[in-house]
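Worth saying up front: this structure is predicted, and the values here are computed from it rather than measured.
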Amino acid sequence: MQNTSEQLSSKVIHGEPIIITTPEPWQWDILAKAFLNDPTLNFWLGEKTNEESLSKYFEAIVRDTLISGGTVFASPDQKAVFVWTWLGRDADDTNEFKENWYDVLDPEGVKRYYWLYEAGDLELDTDKIKKSMEPAYLAVHPDAQGKGYGGHIFKWILDYFDEKGYETPFILASTRRSAKLYCPLLGFHHHKEVFAEGSGPESEPVAVYLKRNR
């Protein structure tokens, strides 16, 4: 998922992304600011969506990711953060940070979260799931958006995991606009749009699922 204001085209030369090993507040601060108006996060959190609740949400996400097999990347200048979660993780595995994440969502938000993934009808290859990663949250600080951070870090990390033999089978994009950027530039195709229950015929989707071409 990508914050929807960031363009994927590159306008400046960016350094090689770094791998985060220590969780720090600037990481969830960027994520919270970037996802403040994101339709997917708004769908999960509902009326509780604000920078404070998002900061708590993403602190839990970053900390949980770092101890559960995922990887968190950042641009060297700390303007972009990209959280990748490991799809081979046991769904029943828990820790204090995953519990904190659930607390922020609350029971209804947790239901919406898992419903949205079930509604994607992804049909992942179970034989490859232990070597698969999800590009879960890509955020660029509002002051740095439109400068190519998103495209650079995304392409670099795709190559990074490809070289390590990991699959990146799908992307959950927040908007149709984001999906149109991902498809031609990153080698994905449109799979399915998901709408909130009760949405009208002119409604925008709360998520657009993309699958990798290969």
Side-chain angles (χ1 to χ4, degrees), residues 1-4 31 34-35 37-46 48-49 53-54 56-72 81-95 97-139 154 157-158 161 166-179 182-183 186 188-199 203-213:
M1 191 189 313
Q2 177 201 16
N3 60 292
T4 55
L31 286 154
F35 279 93
N37 297 308
D38 183 85
T40 306
L41 267 294
N42 289 340
F43 173 70
W44 287 335
L45 287 169
K48 297 186 305 178
T49 306
S53 63
L54 284 170
K56 292 178 180 177
Y57 176 90
F58 283 117
E59 178 180 1
I61 288 288
V62 168
R63 291 183 182 277
D64 174 56
T65 298
L66 290 177
I67 65 173
S68 63
T71 310
V72 180
V81 177
F82 204 166
V83 178
W84 287 62
T85 55
W86 179 45
L87 293 176
R89 177 185 185 178
D90 187 340
D92 295 325
D93 178 38
T94 190
N95 56 64
F97 307 120
K98 188 173 182 180
E99 291 173 0
N100 291 342
W101 169 42
Y102 283 169
D103 287 342
V104 176
L105 282 174
D106 77 30
E108 288 303 313
V110 171
K111 289 180 183 178
R112 288 192 293 271
Y113 177 88
Y114 285 109
W115 174 83
L116 188 59
Y117 275 89
E118 291 170 0
D121 297 327
L122 292 166
E123 298 181 0
L124 301 179
D125 187 338
T126 55
D127 292 334
K128 296 181 179 180
I129 205 72
K130 292 294 183 182
K131 292 283 285 184
S132 296
M133 304 291 287
E134 178 192 355
Y137 303 98
L138 169 57
F154 209 143
I157 298 170
L158 276 175
F161 281 120
Y166 278 84
E167 298 281 329
T168 307
F170 72 91
I171 298 172
L172 189 166
S174 298
T175 66
R176 289 168 174 159
R177 177 176 175 274
S178 294
Y182 287 131
C183 288
L186 300 174
F188 287 76
H189 63 269
H190 183 279
H191 173 64
K192 182 179 181 180
E193 293 184 347
V194 180
F195 296 84
E197 294 180 342
S199 297
S203 298
E204 292 292 316
V206 294
V208 181
Y209 281 94
L210 311 175
K211 297 189 78 172
R212 202 163 188 188
N213 291 338

What closest approach, in Å, do G69 and M133 show between heavy atoms, and which atom pair accounts for it?
O-CE, 4.0 Å
Euclidean distance, E204 CD relative to T175 OG1, rounded to 0.5 Å:
8.5 Å
Is there a side-chain contact between Y57 and L31 in this structure, where contact means two heavy atoms from C-beta onward sitting under 4.5 Å apart?
no
Exercise: identify the closest heavy-atom pair between S174 and P39
O-CG, 3.3 Å
D103: what forms a side chain to side chain contact (heavy atoms under 4.5 Å, CB included) with it, not counting sequence neighbours?
N100
First locate atom CG of L87, then atom CD of E134, and finally report the distance between them rounded to the nearest 0.5 Å.
6.0 Å
Interatomic distance, D125 atom CG to E167 atom CD [nearest 0.5 angstrom]
8.0 Å
Determine yes or no for a side-chain-to-main-chain donor-acceptor pair under 3.5 angstrom, with K98 supplying the side chain and D64 the backbone.
no
Any heavy-atom pair between the side chains of T71 and F161 that's under 4.5 Å?
yes
CG (L158) and CG (L186) are apart, to the nearest 0.5 Å, by 6.0 Å
Please identify each residue that fulfils side chain to side chain contact (heavy atoms under 4.5 Å, CB included) with T49, with sequence neighbours left out.
N42, L45, L54
Looking only at atom types and distance, does a side-chain atom of R112 sit under 3.5 Å from a main-chain N or O of F43, one as donor and one as acceptor?
yes
Hey, do the aromatic rings of W84 and Y166 have their centres closer than 6.0 Å?
no
Check: S53 side chain, K48 main-chain N or O, donor-acceptor pair, under 3.5 Å
yes
Assign the ring pair Y209 / F170 to parallel, tilted or perpendicular, where the plane angle (0 to 90°) is split at 30° and 60°.
tilted
Could you tell me whether the side chain of T168 reaches within less than 4.5 Å of the side chain of P135, counting heavy atoms only?
yes
Can you classify the ring geometry of W44 versus Y137 as parallel (below 30°), tilted (30 to 60°) or perpendicular (above 60°)?
perpendicular
How far does NZ of K211 sit from CD of E123, to the nearest 0.5 angstrom?
6.5 Å
Ignoring hydrogens and angles, tell me if any N or O in the side chain of H191 forms a donor-acceptor pair with the backbone of D121 under 3.5 Å.
yes
Quick check for you: to the nearest 0.5 Å, what is the distance between H189 atom NE2 and L210 atom CG?
8.5 Å
Give me the ring orientation class for F35 and F58: parallel if the planes are under 30° apart, tilted from 30 to 60°, perpendicular past 60°.
tilted
Can any side-chain N or O of W86 pair as donor or acceptor with the backbone N or O of K130 at less than 3.5 Å?
yes
What pair of heavy atoms forms the shortest contact from S178 to A173, and how long is it?
CB-CB, 4.3 Å
Answer yes or no: is there an ion pair linking E108 with K111, defined by an N-O contact shorter than 4.0 Å?
yes
Quick check against the 3.5 Å criterion: does T40 have a side-chain atom that pairs as donor or acceptor with the backbone of V206?
yes
